Amino acid sequence: MKVLVIGAGNMGLTYSEGMAKSPLLNRKNLMIHDVSADTIATLNKISYFDVYENLEDCLPKADIVFIGVKPYHADELFERMKPMLNKNQIFVSLMAGVTIGSMVNGLGMPKIVRTMPNLPAKVGKGVTSYTESKDVSRVELLMVRNLLDTTGESIHVDNEDFINKSTGISGSGPAYIFYFMQSMLEAAQKMGFSDHDSKVLVSNTFEGAVQLFNESDLSPETWMNRVASKGGTTRAALDSMDDNNVNQLIKDAAYAAFNRAVELGES
């Protein structure tokens with residue numbers, strides 16, 4: 001099995017490195033292509049994979065092709081790819097808002113897997129939702145899933161509507177967490193903690209809370225009630241959030257991302 005990754009940006013390089021470090025592929029079976037001379041020079045210093053400047057030299061060899069370019073480059077890229085493709089190849093999209101239908105039409109190829117990755121894939125803690133066109137077999141889908149799992153975990157969803165929905169939760173979600181962390185950092189610094197101590201207080205609190213949640217069957221609401229006591233400090237903080245409708249605002253933010261993902265897919 002030969003795998004090609006087109007585009008060495010954030011997600012393309014993340015998946016390339018994840019696959020390269022897994023036992024699934026060796027160096028000669030993993031190829032990466034980019035058009036930037038600076039990026040190619042940087043990639044050539046990494047011994048994980050074979051680097052290609054010209055699509056003609058790598059695309060016809062690939063069994064599975066990951067596409068990680070910016071969505072607005074997709075149509076132009078598809079036109080360049082078309083003469084070099086065969087119908088046995090599987091195409092895995094890492095592009096936000098690019099539908100399976102637009103890829104089938106743009107590439108003229110039937111086997112498409114559309115994904116929604118997220119940034120924690122860079123540290124092996126990613127979650128990738130994915131769905132496929134009808135021409136992808138169960139065996140082929142399992143191969144793709146194994147490759148996706150090299151950066152964390154993957155979740156198969158029934159259709160593209162759930163890809164858009166997962167955009168609002170996991171795809172954009174890390175930014176919501178960073179938003180909350182930034183607010184807590186600023187609060188700690190305003191209280192007089194140093195930058196270093198503020199970071200330790202906030203990062204360890206988040207990491208510890210997530211670990212408690214993952215290692216139990218308790219809901220976040222149950223954990224909140226365990227931390228908060230009537231008339232106590234935590235209850236005062238939670239009451240302030242409730243009074244300011246923070247719960248609904250977070251839900252609204254997730255739906256805003258979901259709705260934007262739908263719009264991008266329709267444009």
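Since the structure is predicted, the reported quantities are computational estimates derived from the model, not experimental observations.
Contact check for M116 versus T128: no side-chain heavy atoms found under the 4.5 Å cut-off. At a threshold of 4.5 Å between non-hydrogen side-chain atoms, the residues K87 and M109 count as touching. Taking the side chain as every heavy atom from C-beta outward, L25 and L147 approach each other to under 4.5 Å. Counting only heavy atoms from C-beta outward, the side chains of F49 and N29 never approach each other to under 4.5 Å. Here the side chains of M103 and M95 are in contact, with some heavy-atom distance below 4.5 Å. Between F91 and M81, some side-chain heavy-atom pair lies under the 4.5 Å cut-off. In this structure the side chain of L55 reaches within 4.5 angstrom of the side chain of L77, judged on heavy atoms. V5 places none of its side-chain heavy atoms less than 4.5 Å from the side chain of M31.
Note on I90 and L24: same hydrophobic cluster, where clusters join Ile, Leu, Val, Met, Phe, Trp and Tyr whose side-chain heavy atoms are under 4.5 Å apart, directly or indirectly. Using a 4.5 Å cut-off between side-chain heavy atoms of Ile, Leu, Val, Met, Phe, Trp and Tyr, with links allowed through other members, V35 and I46 fall into different hydrophobic clusters. Note: the hydrophobic cluster containing V104 does not contain V136 (ILVMFWY, side chain heavy atoms under 4.5 Å, direct or indirect links). Under the 4.5 Å side-chain heavy-atom criterion for grouping Ile, Leu, Val, Met, Phe, Trp and Tyr, V113 is not connected to F162 through any hydrophobic cluster. If you chain together hydrophobic residues whose side chains sit under 4.5 Å apart, M143 and L30 fall into the same group.
Under a 3.5 Å cut-off, the side chain of N159 and the backbone N or O of D161 do form a donor-acceptor pair. The main-chain N or O of T14 is never found under 3.5 Å from a side-chain atom of E17 such that the two would form a donor-acceptor pair. Without hydrogens or angle criteria, T115 side chain to S93 main chain gives a donor-acceptor distance under 3.5 Å. A donor-acceptor pair under 3.5 Å is formed between the side chain of S172 and the backbone N or O of T167. Under a 3.5 Å cut-off, the side chain of Q89 and the backbone N or O of N86 do form a donor-acceptor pair. The closest donor-acceptor contact from the side chain of N244 to the backbone of S240 lies under 3.5 Å. S170 places a side-chain N or O within donor-acceptor distance of the main-chain N or O of S166, the cut-off being under 3.5 Å. Of the possible polar contacts, one joining the N118 side chain to the V127 backbone as a donor-acceptor pair under 3.5 Å is found. Although no hydrogens or angles enter the test, the distance criterion places no donor-acceptor pair under 3.5 Å between the side chain of E53 and the main chain of I40.
Heavy-atom contacts from other residues, nucleotides or ligands closer than 6.0 Å to CD of Q211 number 12 or fewer.
Taking both residues in full, the closest heavy atoms of K111 and S133 are given as CA-OG, 3.7 Å, listed atom of the first, atom of the second, then distance. Of all heavy-atom pairs spanning Y176 and A253, the tightest one is OH-O, 3.9 Å. In terms of heavy atoms, T131 sits closest to V157 at OG1-O, 3.0 Å. When all heavy atoms are compared, the tightest approach of L218 to W223 is CB-NE1, 3.5 Å. The minimum heavy-atom distance between D149 and E153, with the atom names listed, is OD1-C, 3.6 Å. The shortest heavy-atom contact between A8 and L43 is CB-CD1, 3.7 Å.
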Side-chain polar contacts of residues 58-72 - donor-acceptor pairs under 3.5 angstrom, sequence neighbours left out - could you list them?
residue : atom : partner : partner atom : Å
K61     : NZ   : Y52     : OH           : 3.3
K61     : NZ   : D57     : O            : 3.2
D63     : OD2  : K2      : N            : 2.7

Give the table of side-chain donor-acceptor pairs shorter than 3.5 Å for residues 177-190, with sequence neighbours excluded, one pair per line with atom names and distance.
residue : atom : partner : partner atom : Å
Q182    : NE2  : E186    : OE2          : 2.9
S183    : OG   : Y179    : O            : 3.1
Q189    : NE2  : D195    : OD1          : 3.2

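To the nearest 0.5 Å, the span separating CG on N146 from CG on L142 amounts to 4.5 Å. Note that the CZ atom of R80 and the CG atom of D75 stand 13.0 Å from one another [nearest 0.5 Å]. Taking CG of N247 as the start and CG of L238 as the end, the distance is 11.0 Å to the nearest 0.5 Å. Annotation: the span from M241 atom CE to D243 atom CG amounts to 11.5 Å, rounded to 0.5 Å. Within the model, atoms CG of D197 and NZ of K199 stand 12.5 Å from one another, a figure rounded to the nearest 0.5 Å. Atom CD1 of residue I155 and atom OH of residue Y130 lie 9.5 Å apart, to the nearest 0.5 angstrom.
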side-chain hydrogen bond (donor to acceptor under 3.5 Å, both in side chains) evaluation trace for S154 with R145: CA-CA 7 Å; S154 57; R145 176 171 193 153; 3.2 Å; yes
Verdict with reasoning, T42 to T39, per side-chain hydrogen bond (donor to acceptor under 3.5 Å, both in side chains): CA-CA 5 Å; T42 301; T39 300; over 6 Å; no
Worked check of side-chain contact (heavy atoms from CB on, under 4.5 Å) between Y15 and M19: CA-CA 6 Å; Y15 277 90; M19 290 185 284; 4.3 Å; yes
side-chain contact (heavy atoms from CB on, under 4.5 Å) assessment of R138 paired with L141: CA-CA 5 Å; R138 292 180 66 181; L141 195 62; 5.6 Å; no
Step-by-step side-chain contact (heavy atoms from CB on, under 4.5 Å) determination, V3 to M1: CA-CA 7 Å; V3 175; M1 178 174 64; 4.2 Å; yes
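By the 4.0 Å N-to-carboxylate-O rule, R114 lies too far from E132 to be salt-bridged with it.
A search for side chain to side chain contact (heavy atoms under 4.5 Å, CB included) contacts involving S219 returns E221, T222, not counting sequence neighbours.
Side-chain N/O atoms of T150 and S22 include no donor and acceptor closer than 3.5 Å.
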